[in-house]
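Written out below as structure tokens is the structure these notes cover.
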Amino acid sequence: MKGTQQWKDGFEPAPATYLNGERWNDGVPADPPKAAAGSAAGSQASDWWQTAPGVEAKGSELSVQRKAGEEFWRYKVRVFKKAGEGKWRDELLADMLRTKNTAYTAVFEFFNGHPPTEGQA
């Protein structure tokens with residue numbers, strides 16, 4: 001929701017994600033404690049993919065540089081690719097399918113080296 005730490009970190013859900021997921025029903029999450037943060041990824045090292053600072057920290061760790069003018073979601077996909085298989089990819093692809101994101105096939109192919117089969121789309 002607007003005003004939460006995710007929005008302050010530059011994350012804005014796509015309108016379709018917000019509407020299809022009935023995100024207005026989400027509670028306002030508590031911001032993580034500032035003292036425990038320690039670094040850009042902070043105490044959220046185990047769920048780094050859920051915040052813009054976490055993705056940026058992981059990108060830096062993996063030597064993935066954001067290109068000039070690159071949309072954040074494209075940078076995030078490149079970081080996820082370099083990070084390898086994991087929950088970050090699964091959640092992203094599931095969200096793209098759920099919201100009928102037109103980039104799903106291209107992102108799936110970028111991650112896996114082949115387009116999705118009928119059971120994967």
Side-chain angles (χ1 to χ4, degrees):
M1 297 179 123
K2 202 164 193 131
T4 65
Q5 188 62 41
Q6 279 188 321
W7 283 77
K8 292 174 191 171
D9 293 339
F11 170 80
E12 297 180 27
T17 301
Y18 184 83
L19 294 171
N20 292 336
E22 297 182 6
R23 301 292 296 272
W24 59 87
N25 290 323
D26 293 354
V28 177
D31 288 340
K34 303 266 186 234
S39 70
S43 62
Q44 299 178 0
S46 63
D47 60 353
W48 59 267
W49 66 93
Q50 296 179 345
T51 66
V55 171
E56 290 168 350
K58 184 59 116 175
S60 179
E61 175 187 320
L62 298 171
S63 299
V64 178
Q65 300 295 318
R66 189 166 178 189
K67 299 172 184 174
E70 181 178 34
E71 295 173 279
F72 182 77
W73 78 269
R74 291 180 184 275
Y75 169 71
K76 181 176 172 177
V77 167
R78 291 190 310 109
V79 171
F80 286 14
K81 165 87 172 178
K82 184 86 181 241
E85 291 186 26
K87 193 173 184 179
W88 40 92
R89 286 188 185 183
D90 298 339
E91 288 182 8
L92 175 67
L93 290 171
D95 188 53
M96 292 179 88
L97 265 179
R98 186 178 55 75
T99 60
K100 297 178 172 73
N101 188 310
T102 57
Y104 172 81
T105 300
V107 171
F108 184 98
E109 188 167 356
F110 180 68
F111 285 161
N112 299 294
H114 60 82
T117 60
E118 195 166 317
Q120 295 170 317

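Counting begins at 1 with the first residue of the sequence.
Using cut-offs of 30° and 60° on the angle between ring planes, the pair Phe80 and Trp48 is perpendicular. Ring pair Phe108/His114 is perpendicular by interplanar angle, where above 60° counts as perpendicular and below 30° as parallel.
Residue pairs meeting the side-chain hydrogen bond (donor to acceptor under 3.5 Å, both in side chains) criterion with at least one partner in residues 60-69, sequence neighbours excluded, are Lys58-Glu61.
The heavy-atom pair separating Val107 from Leu92 by the smallest distance is CG1-CD2, 4.3 Å. Nearest heavy atom pair, residue Tyr104 against residue Leu97, reads CE1-CG, 3.6 Å. Residues Gly59 and Tyr75 share a closest heavy-atom pair of CA-OH, 3.4 Å. Contact between Pro116 and Thr105 at its shortest, heavy atoms only, is CD-CG2, 3.8 Å.
Salt bridge Asp95/Arg98: present, at least one basic N to carboxylate O contact under 4.0 Å.
A distance of 7.5 Å separates NZ in Lys81 from CG in Asn112, rounded to the nearest 0.5 Å. Note that CH2 of Trp73 and NZ of Lys76 are 11.0 Å apart. Values are rounded to the nearest 0.5 Å.
Legend: residues meeting side chain to side chain contact (heavy atoms under 4.5 Å, CB included) with Glu85, ordered by chain and number and at least two apart, are Arg89. Glu109 is linked by a salt bridge (Lys or Arg N to Asp or Glu O under 4.0 Å) to nothing, counting only residues two or more places apart in sequence or in another chain.
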**Request:** With side-chain contact (heavy atoms from CB on, under 4.5 Å) as the test, would you mind laying out the steps for Phe72 and Val55 before giving the verdict?
**Result:** CA-CA 10 Å; Phe72 182 77; Val55 171; 3.9 Å; yes
**Message:** Run Val77 and Phe111 through side-chain contact (heavy atoms from CB on, under 4.5 Å) and show every step you take.
**Reply:** CA-CA 9 Å; Val77 167; Phe111 285 161; 3.9 Å; yes
